[in-house]
Structure formats: C-alpha cells, structure tokens
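Worth knowing before you read on, the calculation uses all heavy atoms, side chains too, and leaves out hydrogens, waters and symmetry mates.
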Amino acid sequence: MKWKIKHNKRNGTVVVKTSGLITWDDTRLMTQEAFAAAIHHNTKKVLVDHRLLQANLTVLQVDDLPKLFKEIGIGPEYRVAILFDPASPRSGNFTFFQHVSIISSLQFRVFSELAKAIAWLKAENEEKKPAKK
C-alpha cells in the first residue's frame, strides 16, 4: 500500500490518500504517520481517501482496527472521515468498520462522496451534523 499525507490549511485537516493493496502492517504505519501529522499541525480532523485502495483485510482484522487505533493513541476527540469506492469489492467492510468504530467510542465515519465527508468533519458534533438528503 502507498500513501501520501498532506495538511489542508484551508479546512484544518490532515489528508491521507492511499492506493494499492492494503495490509495490516501498512495500516499501522500509515496511521502512525497520519496521526503524527495531525499532532504536528494541531488538528483532530483527518480525511482518509481510500477510493484507490484494494481492500484486503479480513473481517476479523477490520474488527480489530479500533483496538489498533486506540493503541496508537487515537481517542474520541479525533474525527476521521474515510472515503471509499462503493463499487469496489469488499466495500461492505467499510460500513462494518464504521459500526465497530462507533461501538468502540471512536469518531470514524465512512463516505462515498467527498463533500459529505468534509461537511461531517466541519460539523462540531453529531447533533450539528448536516442532515442527509
């Protein structure tokens, strides 16, 4: 898996763009780098663009992701919007991941549209989240 991490000053987010075949070890390393960038840029908002990613993690690995993220130091104060391609194989893993993240008290949400992901990141909390149409 390859990734690029940038800081978007305009909306105060760290942006991660991934491509290639995802692995558990790459996920750990990419997450560590992304959250180090968030700390460096003093933001708790991260946009992860997985639309070019080839999903390869098993359901059990997806279920373990919140534990991995908590070990890295990610808590409920972070808001992470994840973009995915709904036409890709295993796209259901993203929805499953959102559910296990919520159960683990993490603010990770998945989106298939960039505008909706950014709107969610900009919202102060779930109650002020823009209404879905």
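- Here the closest non-hydrogen pair linking I5 and A34 is CD1-N, 3.5 Å.
- Between Y78 and F69, the ring centre distance reaches or exceeds 6.0 Å.
- For K70, the side chain to side chain contact (heavy atoms under 4.5 Å, CB included) partners are S104, L106, not counting sequence neighbours.
- No single ILVMFWY cluster, assembled from side-chain heavy atoms under 4.5 Å apart, contains both L114 and L53.
- Under the 4.5 Å side-chain heavy-atom criterion for Ile, Leu, Val, Met, Phe, Trp and Tyr, L47 and F94 are members of distinct hydrophobic clusters.
- In this structure T95 satisfies the side-chain hydrogen bond (donor to acceptor under 3.5 Å, both in side chains) test with no other residue, sequence neighbours excluded.
- The CD atom of Q98 lies 11.0 Å from the CD1 atom of I103; values are rounded to the nearest 0.5 Å.
- You'll find the side chain of L57 reaches within 4.5 Å of the side chain of L65, heavy atoms only.
- Of the residues listed (K44, E77, R79, K45), the one engaging Q107 in a side-chain hydrogen bond (donor to acceptor under 3.5 Å, both in side chains) is R79, and it is the only one.
- Summarising the geometry, atom CG belonging to L68 is positioned 12.5 Å from atom CG belonging to D63; distances are rounded to the nearest 0.5 Å.
- Residues passing the salt bridge (Lys or Arg N to Asp or Glu O under 4.0 Å) test with R90: none are found, sequence neighbours excluded.
- Residues forming a side chain to side chain contact (heavy atoms under 4.5 Å, CB included) with P86 (at least two apart in sequence, or on another chain): F84, S112.
- Applying the ring-ring contact (aromatic ring centres under 6.0 Å, His included) rule to H7 yields the partners H41; only residues at least two apart in sequence or on another chain are considered.
- With sequence neighbours left out, L52 forms a side chain to side chain contact (heavy atoms under 4.5 Å, CB included) with S19.
- Partners of D49 by side-chain hydrogen bond (donor to acceptor under 3.5 Å, both in side chains), not counting sequence neighbours, listed by chain and number: R51.
- With sequence neighbours left out, L21 forms a side chain to side chain contact (heavy atoms under 4.5 Å, CB included) with Q54, N56.
- A side-chain donor-acceptor contact under 3.5 Å links T31 to the backbone of T27.
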When you look at W3 and V48, which way does the side chain to side chain contact (heavy atoms under 4.5 Å, CB included) test go after all the steps?
-> CA-CA 10 Å; W3 61 88; V48 182; over 6 Å; no

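- Within the structure, the salt bridge (charged side-chain N to carboxylate O under 4.0 Å, His left out) test picks out the following pairs touching residues 28-43 (sequence neighbours left out): R28-E71.
- Looking at heavy atoms from C-beta onward, F35 lies out of side-chain contact with V14 at the 4.5 angstrom threshold.
- Ring geometry, W120 versus F111: the interplanar angle falls from 30° to 60°, so the pair is classed tilted.
- Under the 4.5 Å side-chain criterion, counting only non-hydrogen atoms from C-beta, F108 is in contact with I74.
- Taking both residues in full, the closest heavy atoms of S105 and P76 are given as O-CB, 3.1 Å, listed atom of the first, atom of the second, then distance.
- With sequence neighbours excluded, the residues forming a side-chain hydrogen bond (donor to acceptor under 3.5 Å, both in side chains) with N11 are T13, listed by chain and number.
- There is no path of hydrophobic side-chain contacts, each under 4.5 Å, that joins V46 to I102.
- Tested against H50, the residues D85, V16, L83, I82 include a single side-chain contact (heavy atoms from CB on, under 4.5 Å) partner, I82.
- In terms of the side-chain hydrogen bond (donor to acceptor under 3.5 Å, both in side chains) criterion, N8 has no residue partners (sequence neighbours excluded).
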